[in-house]
Amino acid sequence: MEVLIFDNEADVSSYAARIFSKLMRRKPDAVLGFATGSTPEPMYAEMRRQHTEESLDFGRVTTFNLDEYVGLAADDRNSYHYYMWKVLFDHVNVRSDRINIPDGMSNDVPATCDDYEKRIQAAGGIDLQVLGVGGDGHIGFNEPTSSLASRTRIRTLTQKTREDNARFFGAVSDVPRHCITMGIGTIMDAREIVLLAFGERKANAIRQVVEGPISAMCPATVLQLHAKATVLIDKGAASRLRLKEYYKEVAANKPDWQRV
Ligand code: F6R
């Protein structure tokens with residue numbers, strides 16, 4: 001696992017956007033895995049800028065989002081469909097028939113989940129997946145104790161996640177209890193993964209993800225088993241890492257060919 005520590009959120013976000021744009025220029029029909037929440041928003045802003053100012057082309061990419069709330073329609077302001085159109089899809093030339101987000105209004109959730117897995121496979125698998133991380137170490141909506149081999153399925157959100165996300169809804173009671181999420185096994189199948197985190201409120205999770213034992217109690221720790229996972233964090237999120245100085249030394253002395 002590579003750990004890169006940046007001065008601030010803006011530097012993390014532009015580096016993450018560069019990882020995406022480098023892939024998209026090398027492989028214009030890349031399959032991109034997207035996340036929602038506050039964390040990737042500045043990265044999407046940077047992607048919008050690169051589309052407008054540097055002709056970053058989304059015309060042939062396919063996208064898969066990690067998750068969606070059960071019971072929220074695509075036009076609900078709190079749905080992840082709505083979020084993705086607002087922060088990215090409305091502003092770039094992505095084809096709507098190549099956008100995939102789990103259907104939170106499905107009448108047959110198991111079939112929808114099964115179909116999502118099949119669509120990822122039919123697209124050739126995800127080339128690059130971006131992740132945020134919950135304070136409890138969740139990735140997608142795979143809460144603690146999720147099977148590390150899980151596939152796309154319905155999950156029940158923890159009270160903590162519902163409280164964390166209440167800031168978007170107004171009240172905790174308005175946050176749906178269920179979601180459809182890619183499984184941890186699904187996420188781990190991505191060829192490359194970048195996990196972003198900002199601020200001290202994520203510092204405990206990041207310490208576990210990078211230096212803790214692998215455990216379903218902190219699902220993101222499974223990334224230690226991924227051959228190409230990069231953790232991009234600001235100083236706050238890095239503040240509890242024991243080997244912080246070592247990660248900085250590694251980054252400062254990277255050979256040029258390894259730089260993005
Ligand atoms: C969202 C997602 C979640 C978030 C996590 C952190 O698609 O998969 O795992 O990444 O809840 O959320 P923020 O970024 O709002 O702190």
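Each ligand, and each atom within it, is numbered from 1 in the order the structure gives.
For Asp29 and Arg98, the salt-bridge test fails: no basic side-chain N is under 4.0 Å from an acidic carboxylate O.
The proximity of Thr36 to ligand 1, defined as any non-hydrogen pair under 4.0 Å, involves the side chain as well as the backbone. Contacts between Val133 and ligand 1, counted as non-hydrogen atom pairs separated by less than 4.0 Å, involve the backbone only. Heavy atoms of Asp67 found under 4.0 angstrom from ligand 1 belong exclusively to the side chain. Contacts between Met182 and ligand 1 below 4.0 angstrom, taking non-hydrogen atoms only, are absent altogether.
Counting only N and O atoms by type, the side chains of Glu46 and Gln50 include a donor and acceptor under 3.5 Å apart. Using a 3.5 Å distance cut-off with no hydrogens or angles, the side chains of Arg240 and Asn204 do pair a donor with an acceptor. Side-chain polar atoms of Arg155 and Ser150 form no donor-acceptor pair below 3.5 angstrom.
Taking every heavy atom of Thr39 and a limit of under 4.0 angstrom, the matching atoms of ligand 1 come to 13 (P), 14 (O), 16 (O). In summary, the atoms of ligand 1 found under 4.0 Å from a heavy atom of Leu66, numbered by their order in the structure, are 8 (O).
Remark: of the listed residues Leu131, Leu66, Thr221, Leu131 is the sole one forming a side chain to side chain contact (heavy atoms under 4.5 Å, CB included) with Ile139.
Note on ligand 1: Arg167 sits in its first shell, one or more heavy atoms being nearer than 4.0 Å. Residue contact check for ligand 1: Glu143 places no non-hydrogen atom closer than 4.0 Å to it.
Counting heavy atoms from C-beta outward, Tyr116 and Ile180 have side chains that stay 4.5 Å or more apart.
Relative orientation of the Tyr83 and Tyr44 rings is perpendicular, given thresholds of 30° and 60° on the angle between their planes.
For atom 16 (O) of ligand 1, the nearest protein heavy atom (residue, atom name, distance) is Lys202 NZ, 2.7 Å. In this structure, atom 11 (O) of ligand 1 lies nearest to the protein heavy atom His138 NE2, 2.7 Å.
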**Study point:** Intermediate values then yes/no, salt bridge (Lys or Arg N to Asp or Glu O under 4.0 Å), Asp115 and Lys118
**Key:** CA-CA 5 Å; Asp115 176 60; Lys118 287 190 178 124; over 6 Å; no
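Comparing heavy-atom distances from atom 9 (O) of ligand 1 across Gly132, Gly140, Gly134, Gly37 singles out Gly140 as nearest.
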